[in-house]
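Heads up: numbering here begins at 1 and tracks the sequence.
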Amino acid sequence: MQCGQYFSKTWRFSDINYAVASDDDQLEMFLAHSAILNGLPTDAFAKITIYNKQLNRNVFEQFITPTEHTDKNKVTYTKELKELLSDKMSDSNNIVHEKYITISSEKKNIEEARTFFARVGNDLTADFGKISSHITELNYKERLRIFYDFFRGKEGGTFNFDLKKAMAVGSDFKDYICPGSMEFKSDYIKIGDRFARVIFLKEYPSFLKDSMLSELTDFSRSMMLSVDIQPIPTDDAVKEVQKKLLAVETDITKWQQKQNMNNNFSANVPYELEQMRKEIKEFLDDLTTRDQRMMFVTVTLLHIADSLDALNNDTETLMSIGRKHLCNFATLKYQQEDGMKTVLPYGLMNIKAMRTLTTESTAVLMPYKTQEIIDNDGIYYGINAISHNLLMCNRKLLLNGNGFILGVSGSGKSFASKMEIAMSALFTDDDIIIVDPEREYSPLIAKLGGETVRISASSENYINAMEMDKDYGDGENPIALKSEFVMSLCEQLMGAGKIEARDKSIIDRCTDNVYRDYLSGKTNTPPTLVDFRNDLLNQPEQAAHDMALALELFTEGSLNVFAHQSNVDTSGRIIAYDILDLGEQLKPIGLLIMLDNILNRVIANRKKGRYTRIYIDEAHLFFANPYSAQFLSKAWKRFRKYGGLVTGITQNIEECLHSDTARLMLANSEFLLMLNQAATDRVELAKILNISDMQMSYITNAPAGRGLIKVGGSIVPFINDFPTDTELYKLMSTKPGEE
């Protein structure tokens, strides 16, 4: 953006969890923020802006619109969830903090400006990255959107500005962002039907807390607060301070000479002069020995209300917050227009209310507080325990949507997973698959219109272990991947270390034999374990016959539940695999076969362009066996490519962490829901996820439904209080007497 001879550029930076960090972590963040300020170019102005933006209700309305799958039988649940979100929205402040840094500098031409901002952008990206804050350069449309939202407010609607189209019809960008009218009064501004006022920080205390900006912006009103910073070159700053010190020393010398002339040789230097000399020396010492820089700083705040009375009341509230921190805010008189231009991220500084500070003194004006998770088309997980805004997470937007739900028994783990399943069923078009080892999801699945498949040695529900989608290999050789699965299956049956290199060659040969007709299209019926065993018997090697004998129990014997063609319809949108009655003999291979069956479903859904949500309860069962753990780890990686979102649910996180495979999966999961944890589990989680002690306090002796949610790089404390007088609560609760 160009204003006169000044060029400016704006970057958005993400918040960090400063408010919930430990003292040591806060100090580290403070020093890192000081380094950012120290790195600002001296031939430019910097403006850090915090925009308290009213949340658009449409973000939530999109979510609470039922899908075509929501039939009349589910209207009650849909209505309850709508009412829940509406209530939570009413209780929250519906304010989100957007944070920007704007750099402006006087340059000769646009080419020189572009070179300058490219260098500054690289420096800012590196510096903000050190505190895990993601910085994004705003293009012209995103930058104009800030002004559009500010000037238009609730009346704004959708911002559809296109520069090329505007130029084609001779329109100016101002036509798209300007309000219907603006009137500048002596101490306020009327913007359309709304009222605004600019106040500025007039008097600073000798000691300032780092929480002042946070408390000001916590006020639930639309407002914009800017901290304008003009760094001064160190050599110029030192010369200026030395002049000040020389002037004070001269005044002290003159005062002493005057006292001596009056024969008063024991008089002490006046306190004011002595204090001034001390402060200037300290300031000079900061500049010369502590790598501080001198900065001219201006703090301005513009807030908006629907009426003048409300505006006056809000002004008094904001000033009282300032007085609490020994800061005196004052209203700009007859300078409201200049004040507005200074607050908005244009890159201008039109008022003269600067205060001279060092880098550390400026860094105390911390713009950070807590991270927010508010995604478009996100699912509700609770409210932010710090800001009290709704947590709406869309796992499809993450690098991978895989995750874990962790918590001790009674912490609300099952309830949280059931709530996500219910919301996904009612408000998304995703397919849902649940692995249910304890038979606790059946009532919910039935009410949501899904099917439960019970698998056991005596069950009449059959799943073909050899079933394979023809796109199984994702462009690779499907036989190779299926052969690897069959090897794991055989090794599981014969015992660890019993499968030798020759046996693997035989398995690969037989796998190719039994799938040849199916993959070539000669038959549409996939082979079964019986076919595979028969092919083993046809091989000349004795080792093949030994493997066939090991397979007899699972093909011809009493545990042949996986040796038949599938007779259950697993194509329904919501499917639960009930494996409670899967015996100890069948469980190891049952878990393998079930995972492979789910993988086939995910691959088929990918061809249809559908997402698949997979929930694996008691996930530690898979990690207890090296073969199922290894296969789950591979599926964990492959599901991401196929549009699968896998969720492992377990209370025995310490048991899982004994497995290197589980530890790696946990560290690479972009989504984690952590409820109350056992002491040993907390220590391990803190190490793996680098969670501070302050954050860990939210999962220490926490009530049910409270904890931490990790989404990408954001870790946020949350509260999920679900009303107990609803049908959904009764359906999802696992408390004794409430089921």
Does the side-chain contact (heavy atoms from CB on, under 4.5 Å) test come out yes or no for N605 and Y642, once each step is laid out?
CA-CA 8 Å; N605 278 352; Y642 299 146; over 6 Å; no
Does [X] use its side chain to pair, donor to acceptor, with the backbone of [Y] at less than 3.5 Å?
X    : Y    : value
E420 : I379 : no
K730 : M732 : no
N464 : P527 : yes
S669 : M665 : yes
N676 : A702 : yes
N461 : R454 : yes
D503 : A543 : no
D535 : F532 : no

- prompt: Should L489 and L551 be marked as a side-chain contact (heavy atoms from CB on, under 4.5 Å) after you check the CA-CA gap, both sets of side-chain angles, and the distance that decides it?
  reply: CA-CA 10 Å; L489 193 62; L551 277 173; 5.6 Å; no
Does a side-chain heavy-atom distance below 4.5 Å link [X] with [Y]?
X    : Y    : answer
T78  : F427 : yes
R610 : R573 : yes
C490 : I507 : yes
M468 : P526 : no
F415 : Y729 : yes
M674 : Y698 : no
L448 : I421 : yes
R682 : T700 : yes

field: K504 bridged to D508 by N-O distance under 4.0 Å
entry: no
Residues at least two apart in sequence or cross-chain that pass ring pair (Phe, Tyr, Trp, His ring centres under 6.0 Å) with F671, listed by chain then number, are Y381
Residue set satisfying ring pair (Phe, Tyr, Trp, His ring centres under 6.0 Å) with Y611, at least two apart, ordered chain then number -> none
Could you state the interatomic distance from [atom1] ([X]) to [atom2] ([Y]), rounded to the nearest 0.5 Å?
X    : Y    : atom1 : atom2 : answer
F718 : I386 : CZ    : CD1   : 13.0 Å
I445 : K418 : CD1   : NZ    : 9.5 Å
D531 : C510 : CG    : SG    : 11.5 Å
I383 : M392 : CD1   : CE    : 13.0 Å
T726 : E83  : OG1   : CD    : 9.5 Å
L582 : L591 : CG    : CG    : 6.5 Å

From the list D429, D375, D430, salt bridge (charged side-chain N to carboxylate O under 4.0 Å, His left out) with K396 holds only for D430
In R606, R613, R601, the residue satisfying salt bridge (charged side-chain N to carboxylate O under 4.0 Å, His left out) with D431 is R601
Closest heavy-atom contact between [X] and [Y]?
X    : Y    : value
N524 : Y518 : O-CE1, 3.6 Å
Q371 : I715 : OE1-N, 3.1 Å
S442 : D578 : OG-OD2, 4.5 Å
I614 : T612 : CD1-O, 3.6 Å
Q539 : A544 : CB-CB, 3.7 Å
K413 : T650 : CD-O, 3.3 Å

Test side chain to side chain donor-acceptor pair (under 3.5 Å) applied to [X] - qualifying residues, sequence neighbours left out:
X    : result
T511 : none
E556 : none
D517 : none

Give every donor-acceptor pair under 3.5 Å between a side-chain atom in residues 398-406 and any protein atom, sequence neighbours left out.
unit_1: N400; atom_1: OD1; unit_2: N402; atom_2: N; d: 3.3
unit_1: N400; atom_1: ND2; unit_2: N668; atom_2: O; d: 3.1
unit_1: N402; atom_1: OD1; unit_2: V646; atom_2: N; d: 3.1
unit_1: N402; atom_1: ND2; unit_2: W636; atom_2: O; d: 2.7

Next item on the list: Please assess T528 against H564 for the test side-chain contact (heavy atoms from CB on, under 4.5 Å), listing each intermediate value before the final yes or no.
Entry: CA-CA 6 Å; T528 65; H564 303 275; over 6 Å; no
Evaluation steps, side chain to side chain donor-acceptor pair (under 3.5 Å), between Q565 and T525: CA-CA 8 Å; Q565 291 292 349; T525 305; 5.4 Å; no
Only one of I432, L645, D436 passes side-chain contact (heavy atoms from CB on, under 4.5 Å) with Y615, and that residue is I432
- Item | Q542 atom CD: more than 12 heavy-atom contacts under 6.0 Å | yes
Tell me whether E451 at atom CD has more than 12 heavy atoms from other residues, nucleotides or ligands lying less than 6.0 Å away. no
task: Step by step, work out the side-chain contact (heavy atoms from CB on, under 4.5 Å) result for H620 and E618.
output: CA-CA 5 Å; H620 58 276; E618 306 297 343; 2.7 Å; yes
* For the pair E467 and N600, evaluate side chain to side chain donor-acceptor pair (under 3.5 Å) and give the outcome as yes or no after the intermediate values. => CA-CA 8 Å; E467 195 165 358; N600 275 287; over 6 Å; no
